[in-house]
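For the single chain, residues carry numbers from 1 onward in sequence order.
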Amino acid sequence: MLCLEPDYLEKFICDGQRCGAQCCRLWTVFVDGETYEKYKGLPAAQGSEMLKRLVHGEEGQAPWAWDFGEQKVCHFLRKDFLCGIQRQHGEEYLGSTCAIYPRKPVDIGGSFQMSLSLSCPLAAKLALFRDTLVEFKWRERDASRPSFWQEIACQKGEEGVAASCLLLQDTGLNILQLKMPLLEKLSALLAYLREADQAVEAGDFEKLLALSDDYSHGGGEREEGLSWELDEHFPGLRETLAVPESRNQHLKALHPIKTEEALPPLELMLENILVSEYFVELFPCTLDGTLRHNGRAFLALALLYREAIERSQGNASEIVYNINRISTLMGHDREWQETLSQNV
């Protein structure tokens, strides 16, 4: 099947020796029912070792999850930071989380997409340390293990919802990749989403198409008064978000990794982060509320990411680490995401 993905995804290789296997500790790692049955089918000594490490998962996620024990580290993580299950049995014996992460496969009404979460340091490095803007390409993908794909608007009668989501996402990406200053792109994006709200509310898909075409080519209006000052647009947001951030156990697994790549210009790094996050998090249909509300949340993310880069003072390892933290919160912490949504 054909799948839309960022151009750097094909370069990604999961390698715990390069990142210290940060996702194998302190995370909730789910195992799907299909993989559980594979473990039951293994010889008794091998299968029982896996089965006894499983606990019940979460409704809406997966039926099983690994019990990391008191040390909060996966029992099958070897001393060389490689996966014991994969080394002994092969990748097909990895559960849903381990087989996918940091990839995010999505099926939007029959249109397939795959992205990389920037919560993974190796994924973040691919998005950050490059001298060109991220591009998106269609690639042929294996359709095996379809249960791993998140389905959005795939039911009969939801074709219009899927078409609108794809159009809104595509237009946002087009705006973010225009050849103009990044702040002007964000101004255009907010103006587009404001007008798109009106078209969607009126049920006028033709108007939405026309707006999308205009803004994709650099036309349309601009949101006035935008700046790079977080406190100017969202007073107190930093402090408010610090509360759920302090409770996030995943952040304790993160640490800076050795990074020797040369730093691109700040604006190029930020552009590639934002293009990637817009795609990964399925903006502007991520949060409850209007399209413009989603745009405001995305603006807040942009300002937080810019602060994170500036706070790193040109240290490449610190930049990756700080980007990992924000992406972990946005992509894996519902409380943090809801707090962001309530305060923009």
Side-chain angles (χ1 to χ4, degrees), residues 2-7 106-115 132-139 150-227 233 267 270-303 341 344:
L2 282 176
C3 181
L4 183 66
E5 56 190 53
D7 56 6
V106 181
D107 174 3
I108 305 178
S111 180
F112 297 95
Q113 300 181 356
M114 188 175 292
S115 55
T132 59
L133 278 173
V134 171
E135 295 182 359
F136 292 87
K137 299 181 178 181
W138 291 96
R139 282 186 69 201
Q150 177 188 358
E151 292 188 349
I152 298 173
C154 289
Q155 302 301 314
K156 187 175 180 179
E158 293 183 325
E159 295 84 358
V161 174
S164 296
C165 286
L166 290 167
L167 178 61
L168 290 160
Q169 181 195 52
D170 185 57
T171 304
L173 292 172
N174 288 339
I175 293 171
L176 291 172
Q177 292 176 304
L178 289 169
K179 293 183 178 180
M180 61 177 64
L182 181 53
L183 198 59
E184 184 180 350
K185 297 185 203 184
L186 292 170
S187 300
L189 179 62
L190 285 173
Y192 166 68
L193 294 176
R194 183 187 68 241
E195 292 195 71
D197 268 326
Q198 298 169 2
V200 170
E201 186 175 351
D204 192 341
F205 192 71
E206 291 300 319
K207 181 179 179 182
L208 184 60
L209 278 172
L211 281 171
S212 300
D213 182 66
D214 188 23
Y215 276 93
S216 290
H217 291 90
E221 300 179 5
R222 300 291 184 267
E223 184 90 356
E224 296 183 0
L226 257 60
S227 75
H233 295 291
E267 182 144 318
L270 187 55
E271 285 182 358
N272 283 329
I273 292 168
L274 296 182
V275 166
S276 298
E277 285 291 82
Y278 198 90
F279 189 68
V280 171
E281 298 299 339
L282 303 175
F283 277 102
C285 305
T286 307
L287 308 173
D288 291 338
T290 64
L291 300 173
R292 176 170 168 74
H293 176 72
N294 276 264
R296 293 270 298 168
F298 186 74
L299 173 63
L301 273 180
L303 301 180
S341 181
V344 296

Rounded to the nearest 0.5 Å, how far does [atom2] of [Y] lie from [atom1] of [X]?
{"X": "Asn174", "Y": "Leu189", "atom1": "CG", "atom2": "CG", "value": "11.0 Å"}
{"X": "Phe112", "Y": "Leu4", "atom1": "CZ", "atom2": "CG", "value": "12.5 Å"}
{"X": "Leu166", "Y": "Leu282", "atom1": "CG", "atom2": "CG", "value": "9.5 Å"}
{"X": "Leu186", "Y": "Ile175", "atom1": "CG", "atom2": "CD1", "value": "10.0 Å"}
{"X": "Arg296", "Y": "Ser341", "atom1": "CZ", "atom2": "OG", "value": "12.0 Å"}
{"X": "Glu195", "Y": "Leu291", "atom1": "CD", "atom2": "CG", "value": "12.0 Å"}

Exercise for the section: Report the C-alpha distance between Leu176 and Glu271 in whole Å, list the side-chain angles of each, state the deciding distance to 0.1 Å, and finish with yes or no for side-chain contact (heavy atoms from CB on, under 4.5 Å). Expected result: CA-CA 7 Å; Leu176 291 172; Glu271 285 182 358; over 6 Å; no
Answer yes or no: is there a donor N or O on one side and an acceptor on the other, between the side chain of [X] and the main chain of [Y], under 3.5 Å?
{"X": "Glu158", "Y": "Gln155", "value": "yes"}
{"X": "Tyr215", "Y": "Glu221", "value": "yes"}
{"X": "Gln177", "Y": "Val134", "value": "yes"}
{"X": "Asp197", "Y": "Thr290", "value": "no"}
{"X": "Asn294", "Y": "Phe283", "value": "no"}
{"X": "Glu267", "Y": "Leu182", "value": "yes"}
{"X": "Ser212", "Y": "Thr171", "value": "no"}
{"X": "His233", "Y": "Leu226", "value": "no"}

Specify the closest pair of heavy atoms between [X] and [Y], including all atoms of both residues, with the distance to one decimal.
{"X": "Pro6", "Y": "Ser115", "answer": "CD-CA, 4.2 Å"}
{"X": "Leu211", "Y": "Ala199", "answer": "CD1-CB, 4.4 Å"}
{"X": "Leu193", "Y": "Gly295", "answer": "CD1-CA, 3.5 Å"}
{"X": "Gly220", "Y": "Arg222", "answer": "O-NH1, 3.3 Å"}
{"X": "Ala302", "Y": "Leu270", "answer": "O-CD1, 4.0 Å"}

Practice task
Can you establish whether the number of heavy atoms outside Glu135 located under 6.0 Å from its atom CD is more than 12?
Solution key: no
Problem - Name of the residue among Leu168, Val161, Leu167 meeting side-chain contact (heavy atoms from CB on, under 4.5 Å) with Cys165 - result: Val161
Practice task
Anything under 30° is parallel, anything over 60° is perpendicular, the rest tilted; go ahead and classify Tyr278 against Phe298.
Solution key: perpendicular
Exercise for the section: Kindly indicate whether the side chain of Ile152, heavy atoms from C-beta on, has any atom under 4.5 Å from the side chain of Asp107. Expected result: no
Practice task
Using the side-chain contact (heavy atoms from CB on, under 4.5 Å) rule, take Arg139 and Met114 through it: C-alpha gap first, then chi angles, then the decisive distance, then the call.
Solution key: CA-CA 10 Å; Arg139 282 186 69 201; Met114 188 175 292; over 6 Å; no
